[in-house]
2 protein chains.
Amino acid sequence: MHAILRSIPVSAADWLSAAVRAAGIERSLRAGQTLFRAGARTAGLYEVAKGKLRLVRVDRDGREAVLHTAAAGDTIAEASLFSATYHCDAIAMTDAAVRLYPKAVVLAELQSNPKAAQAFTAMLAHQVMTLRTRLEQRNIHSARDRIRHYLAVNAGADGRTVALAGTLKELAGELGLTHEALYRTLAEMAASGEIARRKRTIRLRKSPI
Amino acid sequence: MHAILRSIPVSAADWLSAAVRAAGIERSLRAGQTLFRAGARTAGLYEVAKGKLRLVRVDRDGREAVLHTAAAGDTIAEASLFSATYHCDAIAMTDAAVRLYPKAVVLAELQSNPKAAQAFTAMLAHQVMTLRTRLEQRNIHSARDRIRHYLAVNAGADGRTVALAGTLKELAGELGLTHEALYRTLAEMAASGEIARRKRTIRLRKSPI
DNA sequence: CGGCGTTTTGAGAGAGCTCAACATCGGTGG
DNA sequence: CCACCGATGTTGAGCTCTCTCAAAACGCCG
């Protein structure tokens, strides 16, 4: 799935001109530190240089919804180029480094450089599709089927091996499950022989129909 | 929320050049008819001229996930400009009419017309934020809170009146609830005085904190 | 070795889903 | 104008499933 879009450059490095990149402002973050919060004035586009960040919205119950996870090479706050304030919090999951490309510089670049604009647009289009896939996933109520869906969507080249980016607890958050439910269901699926678990991978025993 | 992006032209009419619009191919659809299905080769960008369409993905249980609802003036299949196949089904909810702008024509336009490209990009950015809001919504487990969230996000200018676009059953699908749960919870909220229901509107009694 | 966070397993309760029956509304045709 | 029909809207009762709270084992790092 998304085979074509996968080949599109996701890294800002690939489409921002040297001039824009030169205007980038580096910043380091410790694990757990906040890059920006919802409601704050938007500064521009961030590129993750090192580590991982997550975009979350917090509802009044203190529950966190993980909207996105960005690793090195990814950009965040793309949509904020067209908005005055951020609409979610960005928090470093690990020690991390980001580069800020000021809004005006990026917008000028997008207007003057069709190639950059096209790449940026393609990346947004890709994000729309990824988000829709996650929305589809959230429509699945059963924990088991939701995990199956995740494994199917995120399987590697062989179609049955999934590399886990972070901890299972993080995965639970991304799936919208409690970590207990995820642990339990994974254990059941392993017991029934549907999956095999290793250090940082899960392998599907049978290919999903 | 999204106050700024709301003012961005959502209609294709506003940014496609006359030449591209002239290349548009009209097509009529009866209620329930399918415009395209997941997996089919992408033809281009569609603009809804009349009626309403919905984009859905169907899982193996036959359950429908409503990814998007498009009304007159909206475009659909934007991301498909960068993909060889569609990733969801488009189904007419009412008798409808659409205009197809062939992929090559639109892509050429985006490359040659910075203004169009910018408008298109802004629209995609807007979609990303809308999708994230829906993803946030799906993280809310309680039916009541999910409805509250929907009402808060979709309240009109006065901040407490929400116009219902379609049937409650459709709304239930969009909220990821069964229609029974939605009916019941709306009835409870009306009984407790939290909302007031009219023909095609819901009004919040108190402004949500 | 000690401490902290992840991983794991247990038991109970709540909330939405499912199945079911009925009411209501809008359109159609006699 | 009225009867019919389908879809939406509404309410009831039971059940399943995940969430919640709890406690303990495990792994990693200082």
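Because the structure is predicted, anything quoted here is derived from the model rather than measured. Residue numbers start from 1 in every chain, and the chains themselves are labelled A, B, ... in the order their sequence lines are given, proteins ahead of strands.
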(request) Could you go through the side-chain contact (heavy atoms from CB on, under 4.5 Å) check for A:N139 and A:L135 one step at a time? (result) CA-CA 7 Å; A:N139 236 49; A:L135 208 49; over 6 Å; no

(message) Is any side-chain heavy atom of A:R205 closer than 4.5 Å to one of A:R160?
(response) no

(message) Rounding to 10°, can you tell me the angle the first-five-pair axis of the helix from C:dC1-D:dG30 to C:dG30-D:dC1 makes with its last-five-pair axis?
(response) 40°

(message) I'd like to compare against my own output: the B/S/- annotation of nucleotides 17-30 of chain D with a strict under-4.0 Å heavy-atom distance to protein.
(response) -SSBBB-----S--

(message) Going by the rule side chain to side chain contact (heavy atoms under 4.5 Å, CB included), which residues pair with B:A187 if we only count those two or more places apart in sequence or in a different chain?
(response) none

(message) With ring pair (Phe, Tyr, Trp, His ring centres under 6.0 Å) as the rule and sequence neighbours excluded, what pairs involving residues 131-170 of chain A come up?
(response) none

(request) Report the residues that fulfil side chain to side chain contact (heavy atoms under 4.5 Å, CB included) with A:A70, sequence neighbours left out, ordered by chain and then residue number. (result) A:V48, A:H68, A:D74, A:I76

Would you mind writing out the side-chain donor-acceptor pairs for residues 169-180 of chain A within the sub-3.5 Å range, not counting sequence neighbours?
residue: A:E170; atom: OE1; partner: A:T167; partner atom: N; Å: 3.4
residue: A:T178; atom: OG1; partner: A:A181; partner atom: N; Å: 3.2

(message) Can you list everything that forms a side chain to side chain contact (heavy atoms under 4.5 Å, CB included) with B:A43? Sequence neighbours excluded, please.
(response) B:Y46, B:Y86, B:L100

(request) Taking A:T121 for its side chain and B:T121 for its backbone only, find out whether a donor-acceptor pair lies under 3.5 Å. (result) no

(message) With heavy atoms of chain B within less than 4.0 Å as the criterion, where does contact along DNA chain C begin and end?
(response) C:dG16 to C:dG26

(message) Whether the side chain of B:R146 engages the backbone of B:I140 through a donor-acceptor N/O pair (distance < 3.5 Å, no angle test) should be reported.
(response) yes

(message) Applying side chain to side chain contact (heavy atoms under 4.5 Å, CB included), can you list everything that pairs with A:A72, at least two apart in sequence or on another chain?
(response) none

(message) Under the rule for salt bridge (charged side-chain N to carboxylate O under 4.0 Å, His left out), what residues qualify as partners of A:R99, not counting sequence neighbours?
(response) A:E26, A:E47

All N/O contacts under 3.5 Å from nucleotides 4-8 of chain D to the protein, with atom names and distances to one decimal?
residue: D:dT8; atom: OP2; partner: B:K169; partner atom: NZ; Å: 3.1

For residues 31-42 of chain A, run the donor-acceptor check on the side chains, cut-off 3.5 Å, and write out each pair with its distance to 0.1 Å, sequence neighbours left out.
residue: A:Q33; atom: OE1; partner: A:R30; partner atom: N; Å: 2.8
residue: A:T34; atom: OG1; partner: A:R37; partner atom: NH2; Å: 3.4
residue: A:R37; atom: NH1; partner: A:D89; partner atom: OD2; Å: 3.1
residue: A:T42; atom: OG1; partner: A:S83; partner atom: O; Å: 2.8
residue: A:T42; atom: OG1; partner: A:A84; partner atom: O; Å: 3.2
residue: A:T42; atom: OG1; partner: A:K103; partner atom: NZ; Å: 2.8

